[in-house]
Structure formats: structure tokens, C-alpha cells
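Just so it is clear: chains get the letters A, B, ... in the order the sequence lines come, proteins before strands, and each one is counted from 1.
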4 protein chains.
Amino acid sequence: MANNKREDILKAALTLFAERKYDGTTVPMIAERAQVGAGTIYRYFESKEVLVNELFQECVKSLSDRLSSNLLNPEYDLRHQFHLIFRRLTQFADERIDALLFLDSHHNAYYLNEQSHRVFSEMLELFRQLLENGKNDGTIGALQSDAMIAIVWGAFVHVFKTIRVGVLEQSAELLAGVEESCWNAIKRH
Amino acid sequence: MANNKREDILKAALTLFAERKYDGTTVPMIAERAQVGAGTIYRYFESKEVLVNELFQECVKSLSDRLSSNLLNPEYDLRHQFHLIFRRLTQFADERIDALLFLDSHHNAYYLNEQSHRVFSEMLELFRQLLENGKNDGTIGALQSDAMIAIVWGAFVHVFKTIRVGVLEQSAELLAGVEESCWNAIKRH
Amino acid sequence: MANNKREDILKAALTLFAERKYDGTTVPMIAERAQVGAGTIYRYFESKEVLVNELFQECVKSLSDRLSSNLLNPEYDLRHQFHLIFRRLTQFADERIDALLFLDSHHNAYYLNEQSHRVFSEMLELFRQLLENGKNDGTIGALQSDAMIAIVWGAFVHVFKTIRVGVLEQSAELLAGVEESCWNAIKRH
Amino acid sequence: MANNKREDILKAALTLFAERKYDGTTVPMIAERAQVGAGTIYRYFESKEVLVNELFQECVKSLSDRLSSNLLNPEYDLRHQFHLIFRRLTQFADERIDALLFLDSHHNAYYLNEQSHRVFSEMLELFRQLLENGKNDGTIGALQSDAMIAIVWGAFVHVFKTIRVGVLEQSAELLAGVEESCWNAIKRH
DNA sequence: GATGAATGAGGTTTCATTCAT
DNA sequence: GATGAATGAAACCTCATTCAT
């Protein structure tokens, strides 16, 4: 736990960015929620913009690490691999919903630097690899992988946004249904 | 030409909100893009918050009007009705991509008032009705309609976000594939 | 009735200046109360500052005219002359309370020009003359006339301010008592 | 030296409010005179309106504290008590002329809240008590106490306004004369 | 290292004034 | 003549950032 304050700040910022976006979050808001002085934030991050980028990259890494462990074990068939990846995504959404929502807001985010955009695309490589394999063995449909990724990611995140506002209620059954839907969206028919 | 300035302001605001979100957009930015004085904005809208809500509701209405004309013609089968609705969504995305992205940002938007949230849910009734009909005649799967709506909307919008940043290239073929995917996500298997 | 609009504007401005002072009154407020367009005000007055000065001088003239008619008739004794002047002041306060309050706010009013200050002092000459006469014939005390004027004017206006906020209720008896008090303040004992 | 900046701001605001009234005084003006950044004012006062009310109440307290110490010592006769109160008012006017003028501007001041109006009336209780005592022992005339207070306060403040613009010159003799005049205005004849 | 008071640039909003109709 | 839409300077206020403690 190298540095406690730094973690507190990142955690506070993440919650706020997920709820109010970058520009709707002020540095004093972050400081208050992190229970540190406003000046302290600047001992750990050069600026608000540096903070948001480090946080973004940390979130990408967090998701990436979860997804990439033992993922593409060739012993499993594609559907099962999809199930595993979906379960990991779900766990991530459960444990780090703010991180998921924050990651999803990256499109067109003028405050993210090139590195942030790059690590995000790199993370998607995992999905792409899975899909490519599936196309090779005839399990996955013919649509471009990037479109499929957009479909599954967009659907998945939007389901969790809808849960968050209370319109959907989370349950194992719901998530199983969503997984099946997403699989149907990409599998070869 | 009714009220030119008001339209100019709304159009400028829409572009900026879609690109930079509410808090990342300043009133002078809107004024400059609309080619009006900053003060002029306040002749048409009481405040920035009133502006964003009127704009949001106008965008909902715009999409709503497109979707609801002749939609549920019972002569057509469900797949065809889905095709028609998807085509209208696509046209809307083509002609008013900013409106689509702005509409999508409404979750947890603290600056939207109750009416804005309500008109948005009302618009979704259309989708819900279609899905209910499909469940009755056995065409659509068993997943809750709200989840299906989240899946299709989330997928659709995310595809257009991906097109926007240049990762996907829009084509009739792509959109046909996305439509098929979305249909597969919700149809009964 | 030379110019109706001009009068409407002056009347509206007077009420507002009396209630909210110069800087608390906006030109649109004046326009609304006068039932004219904001631009119309500028056909009659070069600027808000010119307006306030013309209005001030008009109010001074209005009070001046009332006070100076037949005032210092040497047939009357000083007490009676004081009574007459007091009655005229009272009538002015009754009919033009806003004008009285506006006139009273002139001290330190940075927006009044030299002419405005001058016509006000000239109006006070009347009082001064009365007091000088009284000192000569032994009716009035020895205090400097300017101090006596300040005492009587300050007392008189403050009584009407107190009536206005509802702490005192106006009545013939009250005013007779105030007149007597003021006379006692300046007469020779 | 407790809180220097807060005092500096209040002092600067008082001078400006006395000279230019509430709406004629801008926050940057206060900041410049107080030699602080404009933003600093908002660390001490929520808004300009809160500032003016805190300042007003502080001025009332300041005058109240001076007046109420040992005031109604029953050993002294009424005239002497009046003398003492008048001397304290004079000292207040000498040392805190801005506070006196600012206090006097409270009538109809839409920016003052109920508490501000209340503490001001409470301060006047002192005067009222003195006058009631005088009426009981036959020293003071029959006019309503509120009217007498208006007369003396109005006269007193207007004399100091007149001194301030240079028309009267302050001297012990002048003030003795004004005191005598004010006493004559209220005493039983 | 940590703080939060202080700042001023820049945010939202108002308003005296202009000018096309 | 009269209007009120339009403007931009300047109002009130916020906030990213600095720095003395």
C-alpha cells in the first residue's frame, strides 16, 4: 500500500468523475471526499489533467489484468471463453462500477492524452484476439471485430448504467440473459 | 425562418455538449460558435441549465417524431418492423449524430430536470411496445424488455461513437451487419 | 402635457430610485414600470446619469415652487410662517413621498452633477432666509442656520421614512406633534 | 490580531457602502480597498448579500454596546441621561462615521434580511426606554416615542451628513447647540 | 509531507446602451 | 418616434493552483 493518500485521492476522483464527469468535478470536491487538503493533491499529481490521465490508465490496467489472466486457454471452446470474459467483466462491474463507467466515458474526452487512448485500445486487443479466433473456427459471425467489440461493450455498459439508475435490478438471471444476448449478437448463425 | 438566433444557439450548444459534455462547455463557447453575443443567449434561455434541458427535450422530440410515424403497422412482421426502426435510428444518427450522443449522455446527468428524464423514458415506450408485441407472438426472447432496450441502444450508440473516432468506417454493409447483430441479440432462438 | 412618455419615464424612475436607489435600479426596470421600450428612454435622456440628474432637478423645482409661493409674507409672525412651510412640506410628502425620499438621498451621491447639488442648496435658501429673519427678531435660537436646517429636514424626512415602513401611523395629530417638536428645536428659549 | 483579512474586508466594505450604497459598491472595489484578491472575499462571506448583513449587524452591535453601558443610571436626571447618550452618539459618529451613515441607510433596504432589521429595532429600545421614563416623570413631551426617536435620530444623522459634505464645521459648540435643539424637540414644554 | 488560505483567471449572468425595423 | 433584440463590458462568483506555515 505504498502510498495511502495517493490511493485515497484516486478513489475519490474516480467516484466523482463517474458521477459528474471531468469538468463537473472540482479539485476541492476530490480533496473533501479523499479527506485530504486541496494542496495535497498537487503533491501527487501535477495537475487535474495529469490526475485524470493517471487514473484512466490505472483503470484500464485494472480491467486489463483481470481479463488477461488465463484467458485464451485453447482448451476451452469459444462460447466458454466468452462466458469467462463476460464473468470477469461482470465482476469488474460489480466491484468497480465507477471504474467501468469512467472508462466508458473516454470517447471524445479532450482531456485524455494519447497514451490514455492507446492503453485503452490495447486492452481491446484481447477481445479482438478472441473474436479473430472465433472467426477462424467458424464460431463467430462475419462482422468486423471492431463493430462486434463496440456492440458488446456498448450493450454491457449500458445495461449497468440502467441498473445503476434503478430501472433494471441486477440478478444472476438478468446477467445470464444479457450474456446470452451478447453472444447471440456476435456468434455465427 | 421563425427564430434564427434561438436555433443557432441550440445548434451550437448541441455540438459542444456532444463533444465536451455540459460542464466542459462554457457559455462564451456556445456564443462564439453560434455567432451571437454572450448576453444574447440569456434573451432566449433563462440560464445554462434551462438551455440544456430545453435542448435535451427538443432532441428527444426529434427522435421520437421520427420513430413514431407509421411504426407499428401490423401488416409487417416483427423483423421488418425492427428493420424500419433501425433504419430510422440510423438516419437520425447520420443527420443528427450530435443529438444522438447528447441524448446518450443523460444517465446520471445532475443538470437534467425531472421532465427531461421523463420525456426520455416516454420515448423508450415505443421500443418497449415493439418488444412486448414480439414476445407475445414468440418472435422475441424472454429477457426483460428494459434489458433488451439497454442492449440495443447501448450497442447502437457505441457503434456510432466508434465510427466517429475513426476506428470503424460507416457503410451500408456495416450497418446491415450491426442491425443483424442487434436483432440476433433480442430475437427468440 | 407636452410629452407624456417623458413624464411616464420620470415618474417610474422616481419611484424606483426612492425604493432601490440609483444603482439598484436598472434601465429595463424603469422601462417596464413606465410601460415604454427600453430604447425609448434614450430618446428622452442621453444616459441613465443624465436622467437621474434631470429628475433630481425636477424634484427640487417641484418642492421649491411649493415652498416659495407667498412664503415670507411679513404680515405673519415667524411661528405662523413656520407652520405654513411645514404644512407645505407635509403636503409635498403626502403627494410626492417618492420625490421627498429621492431628494433626501442626494448627500454623497456620486452620480449627481454640480448643477444638481447647486439647485438643492438654492432651495434651502428659503429656509435659511426664514431662520435669519427669526434670529433678527429674536424668535429663533442662536444655532447656525445650516445646523437648524439639517435638524429640521433630517427629522422631518426621517419621520416620513418611519411612517413608510409602518412603524408610525400618519395622522393630523402626529404631524402637529412633529411640527411642534421641530419648532421647539429651533425657537429661542 | 485574530482574523485580519476578515476585518479588512468589512472595513473596506463599510466605507464603500457608506459612500456609494450597496448596489453602487462592487466586490472588486471592496477587494481592492481591502487589498485582497476578489476571491478571498468569498472565503469569509458566502455572498455580497451575506457580507452586507453581517456588516450591518456588526455595526448595530458596535453602537448598541456603546450606548448601553451604564446608561440609565437612575441617579442622573433625564436631561443628564440625554446628555450622556448624545455624547456617546457623537463619539460614535466621530470614530465610526461610516458605520453611522451605513446604519442610517437601512430603511427599505431590500438586501437586508429580517435579522438585520430586528437587531436595529432592538437597539432603538434603549432610546424608547429613556423616553418612557421621561414621560412618566413629566420631563418628556407627549409625542409618541417612535416619532421622537425618528426626530432625534434623523436630525442627528443629517447634521453629520452636512458636516461631512463640508457645509457645517464640526465643533464642540455646534454639537452642544445640536444637543440642546434635540432636547428641546422632545422635552415637555 | 501536509495543509488550507489566498489568488486571479475565467466561469455564469446582468445591464446600459445601440440600432435595425 | 418607438421599439426591443442584440451586444459586450463588467457584475458576482468559482476553482485550479500556489505557497507560507
Out of [options], whichever nucleotide has its closest atom nearest the side chain of [X]:
X: A:Thr26; options: F:dA16, F:dC12, F:dT7; result: F:dA16
X: A:Thr40; options: E:dT3, F:dT17, F:dC12; result: E:dT3
X: C:Tyr42; options: E:dT18, E:dG1, E:dT13; result: E:dT18
X: A:Val36; options: E:dT3, F:dT17, E:dT17; result: E:dT3

Whole-Å distance between [N] [atom2] and [X] [atom1]?
X: D:Arg6; N: E:dA6; atom1: CZ; atom2: C1'; result: 17 Å
X: D:Tyr44; N: F:dT14; atom1: OH; atom2: P; result: 17 Å
X: B:Glu49; N: E:dG11; atom1: CD; atom2: P; result: 18 Å
X: C:Gln35; N: F:dA2; atom1: CD; atom2: P; result: 15 Å
X: A:Ile41; N: F:dC15; atom1: CD1; atom2: C1'; result: 12 Å
X: A:Arg43; N: F:dA20; atom1: CZ; atom2: C1'; result: 13 Å
X: C:Ile30; N: E:dC15; atom1: CD1; atom2: C1'; result: 12 Å
X: C:Asp23; N: E:dT14; atom1: CG; atom2: C1'; result: 14 Å

> Using purine N1 to pyrimidine N3 plus N6-O4 or O6-N4 for Watson-Crick, or N1-O2 and O6-N3 for G-U wobble, both under 3.5 Å, which nucleotide pairs with F:dA20?
Replying inline: E:dT3

> If we call it a pair only when both distances are under 3.5 Å in a Watson-Crick or G-U wobble match, what pairs with E:dT14?
Replying inline: F:dA9

> For E:dG1, does either OP1 or OP2 sit under 4.0 Å from a side-chain N or O belonging to A:Lys5?
Replying inline: no

> Want to settle it: does C:Ser47 or D:Ala38 sit nearer the 5' end of DNA chain E, counting the closest nucleotide to each?
Replying inline: D:Ala38

> Does B:Met29 or D:Gly39 map to a spot on DNA chain E nearer the 5' end, using the closest nucleotide for each?
Replying inline: D:Gly39

>> What I'd like to find out is whether the side chain of C:Gln57 reaches to under 4.5 Å of the side chain of C:Asn113, using heavy atoms alone.
In response: yes

> Which residue, D:Lys161, D:Arg20, D:Arg164, forms the salt bridge (charged side-chain N to carboxylate O under 4.0 Å, His left out) with D:Asp98?
Replying inline: D:Arg164

>> Quick check on DNA chain F: between D:Lys48 and A:Lys48, whose nearest nucleotide comes earlier from the 5' end?
In response: D:Lys48

> What is the nucleic acid contact for D:Val27, judged by heavy atoms within less than 4.0 Å: base, sugar-phosphate only, or nothing?
Replying inline: sugar-phosphate

> Which part of the nucleic acid, if any, lies within reach of A:Phe45 when heavy atoms closer than 4.0 Å are counted: base, sugar-phosphate only, or nothing?
Replying inline: nothing

> For the residue pair B:Tyr110 and B:Tyr22, does the interplanar ring angle fall in the parallel (under 30°), tilted (30 to 60°) or perpendicular (over 60°) class?
Replying inline: perpendicular

>> Please verify the inter-ring angle class for A:Phe102 with A:Phe56; under 30° counts as parallel, over 60° as perpendicular, anything in between as tilted.
In response: perpendicular

> In Å, rounded to the nearest 0.5 Å, how long is the span from CZ of C:Arg96 to CG of C:Leu14?
Replying inline: 6.0 Å

